[in-house]
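Values below: every heavy atom of this structure, side chains too, minus hydrogens, waters and symmetry copies. Order of the sequence lines sets the chain letters (A, B, ...), proteins ahead of strands, with each chain counted from 1.
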Amino acid sequence: MFRSIECGEINLQHINESVTIAGWVHRRRDHGGLIFIDLRDSKGIVQVVINPENGTNLHSTGESLRNEWVVQITGTVQARPSGTINPEMVTGEIEIDAKNITILNQSETTPFYINDDKIEIDELLRLKYRYLDIRRPKMKNALKARHKVVKFIRDYLSDQGFLEIETPILIKSTPEGARDYLVPSRLYPGNFYALPQSPQQLKQLLMVGGIEKYFQIARCFRDEDLRADRQPEHTQLDIEMSFIDQEDILNLIEDLYINIVEQLFPNKNILNPFPRLTYEESMSKYGTDKPDLRFDLSLIDFSEIASKTELKVFKSTLEQNGIIKGFTVPGGASLSRKKIDSLTEFTISKGAKGLITIAIIDNETNNSTDLEMSNFKSNISKFLTLEQLVNISNRANAQKGDLIVMVAGTKKTTNASLSALRNKIGTELSLADPNMLAFAFVVDFPLFDFNEDENRWDATHHPFTMPKEEFQDSIENDPGSVIANCYDLVCNGEELASGSIRNHNFELQSKIFNVLGYSDDQIDLRFGQLVNALKYGAPPHGGIAPGIDRLLMLLTDSNNIRDVIAFPKTQNGIDPLFESPGPVDTEQLDELNIILKDTQELKEN
RNA sequence: GGCCCCGUGGUGUAGCGGUUUAACAUACUGGCCUGUCAAGCCAGAGAUCGCCGGUUCAAAUCCGGUCGGGGUCGCCA
């Protein structure tokens, strides 16, 4: 027996018991006589006292100990003398009177503090020594939380009759959407496997296979540029069900997520039930399909009022089919000139041409509720009449002391920049309750998206999404108008899940492929297996795929995805611990029939 | 590929043209110390300031390039 109990579990009930514990030296306090060791294992920390009266050898071993050495200690649990109880520690009422210490392993001085995670360490260093980083409470807690969530999901779905089924990691490249990671085939020179971007087609094939309720904690691979919330391999809860409609899936996810939060993260608040808004509503009210609903600041369309002014910006925007939108920042009139400038700069960086601001000053010269010219401080006030300014503030529902911000431009950039500005202001004015998880469903996405660059229709979600029944006749003659049985789960401005009801009918699926401009050969090459399967009694089915990493980010208050992944990659796709990707032996390449381009040439490209 | 921010002892920061032999905290090494818990006190070692080039009498400090990290736009069905 290596140990009889774990450090964090010892309490007053164990007084006078002899225990053997093992762990890492978290901290050492050497008083010359008494030596205190805080010993840490995965369950917690306990104080060990090394008393010189218990033997010279024991004491000199105690003196030699250093942080992060691994030791096994046998001793007696005793109550701490009065006045020395540490209320900050879970085990602060007791300590271990050491009788024997065995050094199991020594440690070099670690490259960063293990026993203090208040100091932010350079992330590259943390990743290079990830095994040490994981010893720190923040990472350990994130990984524990992750385990709990995944276990909860497995139990929950399993109880409801879902089967967890693994799908291959080596599949075929279906060049569309994200860039595939490729794996060369040894047995078939010149041919490649691809790592799945998601098990999409496989889970639909499982439905044709009669599984009816499938899930998987699935790894998904996409060779695209990374962000704070994106990794080249991320984990999805992949779900697919047969004989269900959209409501069944939304209800399932809503209930699952409410239970995860309520049972595992009771300090978090949620909106119950989850608000549902259509894509159209979300875009018009928040300028995005993944709104942060922890605060209001909803967008207002000023195009109508703007059309009645002589302001050049407004006129030219409207002439070019653009829009004028904005929102009211409560109390924003007191923001400094410098602050306003930085918000303007931010908005421009998100694609806007500029930012119009109208502050409604609460001045002493005008005590009445009626506003006069002196109440308006704005970069456009000299181009507008008092009546127009009052109309705008009425439309914006703005009071004295508030600030109205506006952007004029194309629908796309106006919404995008205002949405980003809304999030920024929400954060900076602390409008969002940090313990709130504002889950919401966004539904009724368009089926197709016009790709201006390539002058063709793209699938908004993916090509297997089913259009709503009432739009099925317009698929070919008015693709842009077609609304899909497609839905997202969003939370605090993050997209957490995406799903749809799929086409189980071969003819309908073919029509959609036609609109997307696929030739029969392309359909056969990329989707042949799925399209064929639809011909053999495919049941009505649909599903959803929530991102596990992003959910964990929100649940653990992490601000990037790497903090909830044990061994993540940097923004450039590097693993600093393994130094991957790395070169391979010529023999390995030979077996794969691969010849590298000249290294000089590789560098230049 | 574009834009923005960052790079100074092991770690986290300060210094932002000239008494700086680059400062502080902490970690580290040694000594003292029997009730600490971020133990304390004393002493010591440790960075040519990511790299290259330029401006200057003088560069950690200014400029250009480059490498690395982060954020973001493009991209991510």
Which nucleotide sits closest to the side chain of [X]: [options]?
X      : options                : answer
A/N86  : B/rC37, B/rG69, B/rU34 : B/rC37
A/I119 : B/rG12, B/rG35, B/rC76 : B/rG12
A/L34  : B/rU34, B/rU72, B/rC75 : B/rU34
A/D38  : B/rG70, B/rC76, B/rC37 : B/rC37
A/Q571 : B/rG10, B/rC76, B/rG70 : B/rG70
A/M89  : B/rC73, B/rG35, B/rC37 : B/rC37
A/R230 : B/rC75, B/rG35, B/rG70 : B/rC75

Describe the nucleic acid contact of [X] in one word from base, sugar-phosphate, nothing, applying a heavy-atom distance below 4.0 Å.
X      : value
A/N572 : sugar-phosphate
A/P111 : sugar-phosphate
A/E495 : nothing
A/D449 : nothing
A/R126 : nothing
A/D225 : base
A/L226 : nothing
A/E88  : nothing
A/E53  : base
A/S349 : nothing

Any donor-acceptor pair under 3.5 Å between the side chain of [X] and the base of [N]?
X      : N      : value
A/R27  : B/rC37 : no
A/R227 : B/rG74 : yes
A/R80  : B/rC37 : yes
A/R28  : B/rC37 : no
A/R66  : B/rU29 : no
A/Y113 : B/rG10 : yes

Q. Less than 5.5 Å between centroids and less than 30° between ring planes, does A/F36 satisfy that with B/rU36?
A.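 Yes; by the centre-distance and plane-angle rule, A/F36 counts as stacking on B/rU36.
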
Q.
According to a cutoff of under 5.5 Å between the ring centres and under 30° between the ring planes, does A/H31 stack with the base of B/rG35?
A.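 No; centroid distance or tilt outside limits.
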
What does [N] pair with, Watson-Crick or G-U, if both distances are under 3.5 Å?
N      : value
B/rC62 : B/rG54
B/rA23 : B/rU13
B/rG7  : B/rC67
B/rC41 : B/rG31

[N] to [M] separation - [atom1] atoms, rounded to the nearest Å:
N      : M      : atom1 : result
B/rG44 : B/rC6  : C1'   : 33 Å
B/rG71 : B/rC16 : C1'   : 24 Å
B/rG1  : B/rG10 : P     : 32 Å
B/rU48 : B/rA60 : C1'   : 10 Å
B/rG46 : B/rC33 : P     : 28 Å
B/rA39 : B/rU26 : P     : 11 Å

Q: Describe, in one word, how the ring planes of A/F464 and A/F527 are oriented to each other, choosing from parallel (under 30°), tilted (30 to 60°) and perpendicular (over 60°).
A: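 Plane angle over 60°, so perpendicular.
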
Separation of [X] atom [atom1] from [N] atom [atom2], in whole Å?
X      : N      : atom1 : atom2 : result
A/D133 : B/rG12 : CG    : P     : 12 Å
A/F346 : B/rC73 : CZ    : P     : 9 Å
A/E120 : B/rG71 : CD    : P     : 12 Å
A/I50  : B/rC37 : CD1   : P     : 17 Å
A/K118 : B/rU26 : NZ    : P     : 14 Å
A/L58  : B/rU34 : CG    : P     : 17 Å
A/K412 : B/rC73 : NZ    : P     : 12 Å

With no hydrogens and no angle check, do the side chains of [X] and [Y] hold a donor and an acceptor under 3.5 Å apart?
X      : Y      : answer
A/D238 : A/Y214 : yes
A/D292 : A/N423 : no
A/S498 : A/D488 : yes
A/N54  : A/D97  : yes

Q) Applying the side-chain hydrogen bond (donor to acceptor under 3.5 Å, both in side chains) test to A/R502, which of A/Q204, A/H462, A/Q509 qualifies? A)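 Looking at A/Q204, A/H462, A/Q509, the match for A/R502 under the side-chain hydrogen bond (donor to acceptor under 3.5 Å, both in side chains) is A/H462.
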
Q | Under 4.0 angstrom between A/R562 side-chain N/O and B/rG71 OP1 or OP2 | A |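 Answer is yes, contact under 4.0 Å.
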
Q: Respond yes when some side-chain nitrogen or oxygen of A/R29 is under 4.0 Å from OP1 or OP2 of B/rU36, and no when none is.
A: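 False: A/R29 side-chain N/O out of range (4.0 Å or more) of B/rU36 OP1/OP2.
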
(Q) Regarding A/D563 and A/K138, does a basic nitrogen lie under 4.0 Å from an acidic carboxylate oxygen? (A)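 A salt bridge links A/D563 with A/K138.
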
Q. Starting at the 5' end of RNA chain B and moving along, which residue's nearest nucleotide shows up first, A/T109 or A/G83?
A.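 Nearer the 5' end of the strand: A/T109.
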
Q: Starting from the 5' end of RNA chain B, give me the residue, A/D116 or A/G177, whose nearest nucleotide shows up first.
A: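 On the 5' side of the pair lies A/D116.
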
Q.
Quick check on side chain to side chain contact (heavy atoms under 4.5 Å, CB included): which of A/D289, A/L299, A/T288 does A/N415 satisfy it with?
A.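 One option only clears the test, and that one is A/L299.
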
Q. What is the distance from atom CG of A/N503 to atom CG of A/L447, rounded to the nearest 0.5 Å?
A.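 Nearest 0.5 Å value for the CG-CG distance: 8.0 Å.
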
